[in-house]
Protein chains: 2
Amino acid sequence: MTEPSPPDPRRAALMSAAADLFFERGYAATSIDAIIDRAGGSKRTIYALFGSKEGLFEALVRENTERMFGAALFGGEELSLEATLRDFATHLLELFTNERTVGLYQVVVAEAGRLPELAASFYRLGPERGRAWIAQVLERAAARGEILPCEPDLAAGQFLGLVRSDVYYEIVLGLRGPLSDAEIRHIADAAVDTFLDGMRPRG
Amino acid sequence: MTEPSPPDPRRAALMSAAADLFFERGYAATSIDAIIDRAGGSKRTIYALFGSKEGLFEALVRENTERMFGAALFGGEELSLEATLRDFATHLLELFTNERTVGLYQVVVAEAGRLPELAASFYRLGPERGRAWIAQVLERAAARGEILPCEPDLAAGQFLGLVRSDVYYEIVLGLRGPLSDAEIRHIADAAVDTFLDGMRPRG
DNA sequence: GAGGTACGGTAATGGTCGTTACCGGATTTG
DNA sequence: CAAATCCGGTAACGACCATTACCGTACCTC
């Protein structure tokens, strides 16, 4: 799909400018002229490299998804279950609440109706990898008896939701800025505690 | 804010057509002409009633948010904690995975950058009411010793995330259609079980 | 050093769309 | 019944914008 193209500075500048604008203002509100004003170069270059505005947008989404989510987040060697979950929750929150990642998600949601395959490939290249990994982690933990038997995929989805909690919902709506490290740690720890032990008093 | 206007069939027809189009195709991709084609009437009526395309959009979002989320979902008299949570989870999933609600959310997210106050009022009039109610329920349960002491707001956010889990994320991206009643029950029950007791074996 | 190619800048084209103006008929009002 | 108001339909206006064409220059090749 992506040829191992030699690094092209014009292409990189376009991508960077396009990311700034598309992620901040959305697809429709971003004009080709605005991208050129920011990146320099000329429109011919965009059409030579990407064919159309939509082509640029799709390339942008795909490459950013891979770059953001590909960063070796998922699948390190396993520590204890609890430590693994804590690690994952922290990294997940860092990633998901990052301004760029939020912008990417917002614009993919906004265009999901018009470009369903793009939304699907975003999910597959991005969030689904984390989900699949956690499902595996949980499945192995269940086999070892460290957690109750469960449907690993359902449980993984629960854990993701628990970590994102309502904070992510607010962030996506633009109601909260990015989280501090302390907030991230607090939410991640609370999520792992609840996921493993629940809120009901033991014993 | 909203005068108790007498029911105006032209206004209602416009609202309904606008909802179909805005929620399905988004703000920019919906033209005034398309709304008129579907609703009948003339553009003059839109500009007389709403002033502009954006005015129509804002009225649409506000009224639909109130209508969808106002439906006495939150705050019924309390059963047992567990039954209350199960009820709430089921209703929340029914509401959030409903096609209309998803469309509303998508378009609010898409325009959140351009219309931040609209996104804020959507959250306040809608999801926040459920969150505040659950926080109260949890606070009382903690006072009774039925659950561990907790920060009620944090715990409420966790519960919401746990119920939405990853399924909602997928639905918002358009990757899944609405859920069947059986799926809703399954996910809601699993969420309550995990929230109360966690995944770790007891004893 | 000559010829050609690549590229940035700018203008032109064609279409869409929000908004406003105009027209004719229907309905209401005195 | 006459006058005025309302409203649907259509056209006009102006702006924006994706896309393409054109032009001049700089660099690269031979």
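In the text below, chain A, chain B and the rest are named by the order of the sequence lines, each starting its count at 1. Only this structure's heavy atoms are used, side chains among them; waters, hydrogens and symmetry mates stay out.
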Using 4.0 Å as the upper bound for N to carboxylate O, is an ion pair formed by A:R86 and A:D193? yes

Per-nt protein contacts along nucleotides 7-22 of chain D (heavy atom under 4.0 Å; B base, S backbone sugar-phosphate only, - none) come out as SBB-B------SBB-B

For [X], salt bridge (charged side-chain N to carboxylate O under 4.0 Å, His left out) partners two or more places apart:
{"X": "A:E183", "value": "A:R176"}
{"X": "B:E151", "value": "none"}
{"X": "B:E54", "value": "B:R114"}

Roughly how many Å is it from [atom1] in [X] to [atom2] in [N], rounded to a whole number?
{"X": "B:F22", "N": "C:dC17", "atom1": "CZ", "atom2": "C1'", "result": "13 Å"}
{"X": "B:F50", "N": "C:dG18", "atom1": "CZ", "atom2": "P", "result": "15 Å"}
{"X": "B:R25", "N": "C:dC17", "atom1": "CZ", "atom2": "C1'", "result": "15 Å"}
{"X": "B:D37", "N": "C:dT16", "atom1": "CG", "atom2": "C1'", "result": "14 Å"}

Contacts of B:F57 meeting ring pair (Phe, Tyr, Trp, His ring centres under 6.0 Å) (sequence neighbours excluded), chain-then-number -> B:F22, B:Y27

Contacts of A:A142 meeting side chain to side chain contact (heavy atoms under 4.5 Å, CB included) (sequence neighbours excluded), chain-then-number -> A:I147

Sequence neighbours excluded, the answer for side chain to side chain contact (heavy atoms under 4.5 Å, CB included) partners of A:R100 is A:A19, A:D20, A:F23, A:M68, A:N98

Here the ring-ring contact (aromatic ring centres under 6.0 Å, His included) pairs for residues 170-197 of chain A, sequence neighbours left out, are A:F159-A:F195

Residues of residues 107-119 of chain A with a heavy atom under 4.0 Å from any atom of DNA chain C, listed by number, are none

